[in-house]
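Note that the coordinates shown come from a computational prediction; the quantities given were computed from them, not determined experimentally. Note on naming: letters A, B, ... go to the chains in the order of the sequence lines (proteins, then strands), and numbering restarts at 1 for each one.
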Amino acid sequence: MSATFTPTYDVVNEAVAAGFFPPRHPADVTDVTELTPGVIRLTFRDPYIAEHARPAQFVNIFTDDPLMPMPRPFGVSETHDGEVSVIFAVVGKGTAGFARLEAGDTIQVLGPLGRPFNTKTAAHYVLVAGGLGVPPLIYTAQHLADDPATRTTAVFGYRNEHFADKFVEPYADATVSIDESEGNVITLLDHLEAEGGLTVDGLDTVILSCGPLPMMKAVAAWAAERDLACQLSMEQRMGCGYGTCVLCTVDTVDGRLKVCADGPVFTREQLGWGK
Amino acid sequence: MSATFTPTYDVVNEAVAAGFFPPRHPADVTDVTELTPGVIRLTFRDPYIAEHARPAQFVNIFTDDPLMPMPRPFGVSETHDGEVSVIFAVVGKGTAGFARLEAGDTIQVLGPLGRPFNTKTAAHYVLVAGGLGVPPLIYTAQHLADDPATRTTAVFGYRNEHFADKFVEPYADATVSIDESEGNVITLLDHLEAEGGLTVDGLDTVILSCGPLPMMKAVAAWAAERDLACQLSMEQRMGCGYGTCVLCTVDTVDGRLKVCADGPVFTREQLGWGK
Amino acid sequence: MTEAKHTDHINLYETHEWKHSTQVAGVTWKNPVGTASGTFQYAAVRWFYDVSQLGAVSTKGCSPVPWEGNPSPRTAEGPASNINAVGLQNPGVDHYLVDDLPKLKKAGATVVANVAGHCDDDYAAVVAKLADSDADMLEINVSCPNVTHGGMSVGTDPVALAKLMDKLRPMTDKPMIIKLTPNVTDITVPARAAVEHGADALSMINTLLGMRINIRTGEPIIANTTGGVSGPAVLPMGLVAVYRTRTVLPDIPIIGIGGVDSGEKALEYLYAGANAVEVGAAALFDPVAPLRVARELDDLLDDRPELAAKLAAGETWR
Amino acid sequence: MTEAKHTDHINLYETHEWKHSTQVAGVTWKNPVGTASGTFQYAAVRWFYDVSQLGAVSTKGCSPVPWEGNPSPRTAEGPASNINAVGLQNPGVDHYLVDDLPKLKKAGATVVANVAGHCDDDYAAVVAKLADSDADMLEINVSCPNVTHGGMSVGTDPVALAKLMDKLRPMTDKPMIIKLTPNVTDITVPARAAVEHGADALSMINTLLGMRINIRTGEPIIANTTGGVSGPAVLPMGLVAVYRTRTVLPDIPIIGIGGVDSGEKALEYLYAGANAVEVGAAALFDPVAPLRVARELDDLLDDRPELAAKLAAGETWR
Ligand SMILES: Cc1cc2nc3c(=O)[nH]c(=O)nc-3n(C[C@H](O)[C@H](O)[C@H](O)COP(=O)(O)OP(=O)(O)OC[C@H]3O[C@@H](n4cnc5c(N)ncnc54)[C@H](O)[C@@H]3O)c2cc1C
Ligand SMILES: Cc1cc2nc3c(=O)[nH]c(=O)nc-3n(C[C@H](O)[C@H](O)[C@H](O)COP(=O)(O)OP(=O)(O)OC[C@H]3O[C@@H](n4cnc5c(N)ncnc54)[C@H](O)[C@@H]3O)c2cc1C
Ligand SMILES: Cc1cc2nc3c(=O)[nH]c(=O)nc-3n(C[C@H](O)[C@H](O)[C@H](O)COP(=O)(O)O)c2cc1C
Ligand SMILES: Cc1cc2nc3c(=O)[nH]c(=O)nc-3n(C[C@H](O)[C@H](O)[C@H](O)COP(=O)(O)O)c2cc1C
Ligand code: FES
Ligand code: FES
């Protein structure tokens with residue numbers, strides 16, 4: 001009973017054919033799985049997003065409660081045959097609502113949004129993620145899995161249960177993970193370096209990272225010490241998600257930039273981290 | 001995902017046992033029927049309301065859209081075996097939502113509310129209703145159907161289709177109706193009087209009425225000219241429906257009274273009509 | 001996507017041992033949740049729950065003589081809000097003294113008597129009669145947007161407010177709460193004026209001026225044209241009023257009002273610096289809302305012993 | 001209970017022949033629906049629809065030099081609302097003149113250039129540069145609640161507003177709209193001051209001061225503590241601002257803003273006395289909202305020939 005515009009898929013298709021980007025639109029939920037208590041994988045059917053999403057791009061998902069009109073952004077974690085998955089933690093009322101969704105329900109989505117990781121160069125991409133930063137790096141691994149010019153090593157840190165290893169393993173060339181009882185991703189990176197796992201097939205090493213702020217700062221510093229390229233996917237409270245409101249800024253050396261449209265991906269140089 | 005308290009039936013039952021009135025609570029919709037375009041009969045299962053509702057009492061029904069938190073009051077039109085019916089016209093967004101309900105859905109309700117028609121005396125009750133004023137008078141007829149001390153004559157006026165005759169006929173001792181192409185309820189009352197139908201079995205005649213304001217004023221005047229007792233069920237925009245906010249007043253000779261708790265039923269003397 | 005309610009298991013009819021009390025200007029409330037004036041009538045609410053369970057009840061604005069209020073329709077619906085234009089209809093202070101007040105006290109309620117007036121003498125006449133009554137606290141309503149004299153016209157003018165306070169303050173030792181309107185540029189200005197002239201506590205916010213129009217007729221829905229907006233939609237405006245007032249007046253007790261319909265929202269007010277909250281419009285949509293909020297908050301405070309201890313001691317979070 | 005949308009059949013990507021135009025201070029809008037400042041960036045929106053379809057676009061507040069705005073987080077969610085504390089981040093008027101403005105004009109849009117300042121000289125510097133530009137109208141933002149100087153501090157002080165107007169008015173013949181804040185007791189006071197000192201039109205409302213608190217930390221969610229509330233929740237406050245202003249200023253063109261997310265709500269503003277409306281926060285939640293509102297309104301006006309005729313002639317309903 002809300003006043004939201006819900007175009008049919010035809011409208012979206014026509015729009016795309018006309019060169020426009022699909023607006024907020026409905027999508028059918030096809031699966032909801034709890035991966036570990038409070039962490040959910042939500043899959044919905046959305047051929048447009050599945051076809052176009054790039055690593056670190058995100059989708060805005062909307063609640064069905066008009067008291068909560070603002071978008072909830074989530075990084076794409078996998079796509080398959082016209083379906084899109086996100087993995088999220090239940091942190092507030094919006095995500096609590098999404099956790100109660102069931103296959104057959106409908107959600108409203110907008111996307112894919114944001115600037116992806118730059119993975120154009122032939123390189124060994126080290127995918128460093130912590131906690132709920134794993135989804136975009138799973139998707140990066142999926143995206144690069146069939147690219148003969150690249151190699152990927154997933155380096156995942158968890159609070160306790162290693163809930164995402166099984167999703168990234170099929171795509172990454174190597175996967176290592178750790179939880180708080182043993183250390184953190186820096187522990188893993190040090191270990192990887194010590195074992196010579198940082199260099200693969202003579203390729204340049206590029207760090208791609210997403211996770212809690214302190215972790216990302218540590219990763220950037222670690223990369224800077226070794227003079228490695230490092231791209232980081234940032235998080236910020238958003239208003240629109242598509243670049244119209246300037247509500248989602250992050251401080252960079254070039255001033256305050258939009259996480260949603262200038263990012264979410266920034267280089268460590270842009271963020272001025274680890275110099 | 002709204003923050004509304006939804007007690008279980010157990011809570012309501014315990015409350016009632018403890019002498020309290022059931023608060024707003026969920027009820028299952030059992031039937032939704034369109035009687036004529038834009039006029040809907042909604043039936044829901046609510047043993048408490050079915051048992052306790054009296055003629056001209058109403059129930060607050062709530063939308064499931066938190067943008068529309070205010071109660072929608074509707075007169076009870078019939079009760080059967082723990083089920084309660086209301087008949088309503090689609091006039092705004094709330095009633096439009098109710099019209100889309102289906103059996104098996106759940107609604108939130110509060111009731112029964114308001115002071116009923118006084119039908120305690122042995123009398124011939126003439127039930128004069130216009131348009132969407134018919135529901136409380138159908139229920140009055142149902143309520144009095146088995147009372148050997150009373151007789152009822154339904155006098156219903158419609159805009160066009162005579163959608164409610166079939167509901168009142170099983171209960172009323174006589175039913176006459178009219179639509180705008182032929183006249184109005186005063187036409188019927190004059191006719192009834194002329195034919196001697198106003199007096200039945202030597203009983204006092206009491207007019208009970210509900211409908212649009214101009215109609216009720218005309219009915220009150222008609223009754224006053226004949227010195228007949230006349231009770232009228234009023235309508236007003238409400239805030240709470242249970243007497244706490246004074247948002248629903250009607251001007252009476254005793255000042256501004258609450259339609260929800262002092263009424264909805266007022267005598268023509270109280271309203272100062274038809275003197 | 002239907003929510004499993006925090007309170008689904010709560011039986012509001014079972015008597016509850018309150019775990020967390022508060023103090024407002026020296027008066028103990030058994031929990032930090034009261035009812036807001038104008039949305040609570042004993043005669044109506046007692047059917048639904050035992051009103052003595054609430055932290056306090058603030059009764060309908062009371063005038064020296066009976067007032068008839070505004071013509072109907074008096075209400076319209078806003079998005080997630082109620083708009084009201086009652087215009088302070090009430091049976092007058094004499095009726096209050098023989099009817100509502102004794103009944104509420106007999107039932108065991110902590111009573112905040114809300115005072116209305118069209119002019120300073122009106123307010124004074126009511127306060128004079130309440131001075132020796134059983135009311136636990138007085139709440140002077142200088143914030144009603146639905147009357148042409150008194151009400152908001154006083155609360156938006158710090159000079160007029162100071163003058164009124166100077167008149168009322170000497171009349172009684174009862175804790176005197178001044179209820180403020182958000183329809184000002186800076187609520188801390190009248191807040192300061194009230195406190196400097198003897199207010200024992202502040203309550204805020206009253207309703208925001210608003211209206212709706214019927215698109216079939218093109219005319220305002222409310223007979224009095226405009227009304228006061230309350231309910232879920234006004235929460236951010238109520239919070240900012242409390243927070244900013246607390247920033248400039250660290251010691252004055254504050255009752256936070258506006259859009260509270262859950263324990264979590266009550267908690268936001270407490271973190272903003274309120275000593276207690278009142279529930280208004282939510283009670284229109286659900287009669288037991290104030291009690292439910294109190295029960296939810298009582299549980300939420302279990303996990304916040306520092307906040308709970310401050311409240312019980314008459315202090316606030318900030 | 002899912003609603004069959006009025007607009008389910010509308011294909012917003014098909015070019016539309018607008019049936020009902022309006023006039024704002026002599027400027028024709030092809031329909032009465034524009035975008036509100038701060039919720040429209042050409043670079044972002046052009047992907048979703050042809051922006052020239054709108055009645056007008058009001059661009060982001062523009063300052064003499066680039067402004068960096070407030071630290072993040074800059075936003076929180078209220079019940080049915082957004083709370084923003086951008087603090088007028090923008091790349092400055094020089095950038096506007098070489099980037100946004102020419103692109104928008106090239107695309108065929110009717111452009112309202114929104115002007116920001118921390119002091120009178122700031123406003124003047126921007127107006128000086130826009131005076132000979134291609135902008136169709138100027139909108140002076142004296143109502144931003146998120147800056148410590150300028151913005152709302154001017155719009156809440158009729159004397160300061162008059163002084164600013166006296167400075168700006170002689171600088172340009174372009175239609176000058178003054179955008180007012182609802183954070184005042186009586187919006188008709190600054191409205192009058194603006195009109196008496198040369199405003200060609202008024203737009204209202206800007207955002208209402210508000211905030212939210214994180215109940216896990218007990219601290220404000222927004223880094224700048226408070227922000228401005230907009231979106232569905234503010235509709236009644238926006239309507240009352242327009243209605244009351246129209247009552248005292250029968251002839252001034254008014255752009256109604258606040259909570260518009262459907263053709264029906266736009267219509268309420270027109271019946272309240274507005275010449276046009278702008279859509280703000282709704283565009284955050286749904287990029288195509290402004291265009292959808294325009295299309296819905298275009299159909300609703302079909303059944304209201306008297307209103308439509310007045311608007312087209314530069315008159316208003318009341
Ligand atoms: C680009 C981007 C990608 C993200 N990807 C993921 C992901 O893959 N998995 C995941 O679990 N989370 C992700 N997040 C965080 C996720 O958006 C928030 O956890 C979620 O919006 C919280 O919603 P809520 O209703 O439960 O919380 P509430 O606190 O009830 O939400 C209130 C408002 O605050 C916003 N909000 C609250 N927390 C955050 C936050 N941390 N970041 C941004 N907005 C917030 C909400 O969007 C909403 O507008 C991402 C955030 C961004 C910006
Ligand atoms: C005691 C009583 C009994 C009623 N019984 C019936 C009945 O049996 N059948 C029937 O069709 N209608 C009845 N009505 C009228 C019915 O309540 C309204 O038509 C309905 O509330 C409109 O809701 P809406 O959301 O569609 O309209 P909207 O205009 O979208 O509603 C907005 C707000 O205005 C209120 N409102 C709008 N119109 C009315 C009205 N005419 N009376 C009271 N409130 C209104 C709504 O309750 C809501 O709070 C009764 C009203 C009262 C007071
Ligand atoms: C119907 C109604 C009547 C009210 N009457 C009064 C009153 O008499 N005195 C008063 O101080 N406030 C009155 N108020 C304001 C409320 O006490 C409260 O301050 C306001 O509604 C905001 O709280 P809420 O959002 O919880 O409703 C009234 C509010 C409503 C809705
Ligand atoms: C994110 C955001 C940024 C805004 N920036 C400006 C601005 O730069 N200048 C201005 O005059 N108003 C600004 N506003 C206010 C809007 O233009 C509008 O007046 C207000 O949001 C109310 O309309 P709404 O309820 O449709 O959002 C901004 C609003 C939002 C939500
Ligand atoms: S969220 Fe609106 S610009 Fe980024
Ligand atoms: S609707 Fe609240 S008293 Fe009647």
Could you please spell out the steps behind the side-chain contact (heavy atoms from CB on, under 4.5 Å) verdict for Val246(B) and Gln41(C)?
-> CA-CA 9 Å; Val246(B) 212; Gln41(C) 298 262 359; 3.6 Å; yes
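Side chains of Leu284(C) and Met70(B) form no contact here, defined as non-hydrogen atoms less than 4.5 Å apart. In this structure, Arg74(C) and Cys248(B) have side chains that are not in contact, with every pair of non-hydrogen atoms separated by 4.5 Å or more. Residues Lys93(B) and Glu77(C) fail the side-chain proximity criterion, which asks for heavy atoms closer than 4.5 Å. Proximity of Arg237(B) to Ile221(C): side-chain heavy atoms (C-beta onward) are separated by under 4.5 Å at one or more points.
Among Trp47(C), Phe285(C), Phe48(C), the one residue that satisfies the ring-ring contact (aromatic ring centres under 6.0 Å, His included) test with Tyr242(B) is Phe48(C).
Ranked by heavy-atom pairs under 4.5 Å with chain B, the first of Pro79(C), Ala85(C), Pro287(C) is Pro287(C). With chain C as partner, the option from Thr249(B), Leu110(B), Val250(B), Val259(B) having the largest number of non-hydrogen pairs under 4.5 angstrom is Thr249(B). The residue among Ala289(C), Ala283(C), Gly231(C), Ala43(C) with the most heavy atom pairs within less than 4.5 Å of chain B is Ala283(C).
With values rounded to the nearest 0.5 angstrom, Ser81(C) atom OG is found 12.5 Å from Met68(B) atom CE. Expressed to the nearest 0.5 Å, how far OG of Ser72(C) lies from NZ of Lys258(B) amounts to 12.5 Å. To the nearest 0.5 Å, atom CD1 of residue Ile222(C) and atom CG of residue Leu247(B) are 8.5 Å apart.
Here the shortest heavy-atom pairing between Pro69(B) and Gly78(C) reads CD-O, 4.3 Å. Across all non-hydrogen atoms, the minimal contact from Gly239(B) to Thr75(C) is N-CG2, 4.5 Å. Nearest heavy atom pair, residue Thr39(C) against residue Thr244(B), reads O-CG2, 3.3 Å.
Contact annotation for Arg216(C): only side-chain heavy atoms (C-beta onward) come within less than 4.5 Å of a heavy atom of chain B. With a 4.5 angstrom heavy-atom cutoff, Pro232(C) does not touch chain B via any of its atoms. In this structure, chain B has a heavy atom under 4.5 Å from the backbone of Asn70(C), while its side chain stays farther away.
In this structure, the side chain of Gln89(C) engages the main chain of Arg256(B) through a donor-acceptor pair within 3.5 Å.
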